**Q** 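Here's a structure for you.
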Amino acid sequence: MAASSSSSKSSLAMIMKVIVLVALVLVATEVDGQSCNRHLSGLNVCGEFVVPGADKTNPSAECCSALEAVPSECLCNTIRIASRLPTRCSIPTLSCS
């Protein structure tokens, strides 16, 4: 059981690393004339709620406000890019259940 838990934590940690990498890649990306970078960097306040083993499971009002401020197209593009990165980096495709 410990191996499974460790594997799950490793997968989640990898996902978080990919998301952070995508946020950095989007520094120059513009959506509807607004920079995704500015909005995505505002999500840093949500970090303590999404890392594996986080003590806090309910996001703060500050986190929710930051998420609400991100244009949906910016979030969708980030998720699309993140989902393609493993293949482009020649690493196994992530399988999240």
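If you're wondering where the values come from, they're calculated on a predicted model, not measured in any experiment. Excluded from the calculations below are hydrogen atoms, water molecules and symmetry mates; all remaining heavy atoms, backbone and side chain alike, are included. Residues: numbered from 1 along the sequence shown.
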**Q** Who are the salt bridge (Lys or Arg N to Asp or Glu O under 4.0 Å) partners of Glu48, not counting sequence neighbours?
**A** Lys56
**Q** Under 3.5 Å, which donor-acceptor pairs link side chains of residues 62-71 to any protein atom two or more places apart or in another chain?
**A**
unit_1: Ser65; atom_1: OG; unit_2: Ala61; atom_2: O; d: 3.1

**Q** Within the distance-only criterion (no hydrogens, no angle test), does the side chain of Asn44 pair as donor or acceptor with the backbone N or O of Ser41 below 3.5 angstrom?
**A** yes
**Q** Could you walk me through whether Ser60 and Val45 pass the side chain to side chain contact (heavy atoms under 4.5 Å, CB included) test, one step at a time?
**A** CA-CA 8 Å; Ser60 66; Val45 298; 5.5 Å; no
**Q** Working to the nearest 0.5 Å, report the span between CD1 of Ile81 and CZ of Arg88.
**A** 8.5 Å
**Q** Can you list everything that forms a salt bridge (Lys or Arg N to Asp or Glu O under 4.0 Å) with Arg80? Sequence neighbours excluded, please.
**A** Glu73
**Q** Rounded to the nearest 0.5 Å, how far apart are SG of Cys74 and CZ of Arg38?
**A** 10.0 Å
**Q** Could you grab the distance from atom CG of Leu85 to atom OG1 of Thr93, nearest 0.5 Å is fine?
**A** 11.5 Å
**Q** Could you tell me if the side chain of Thr78 sits less than 4.5 Å from the side chain of Cys36, heavy atoms only?
**A** no
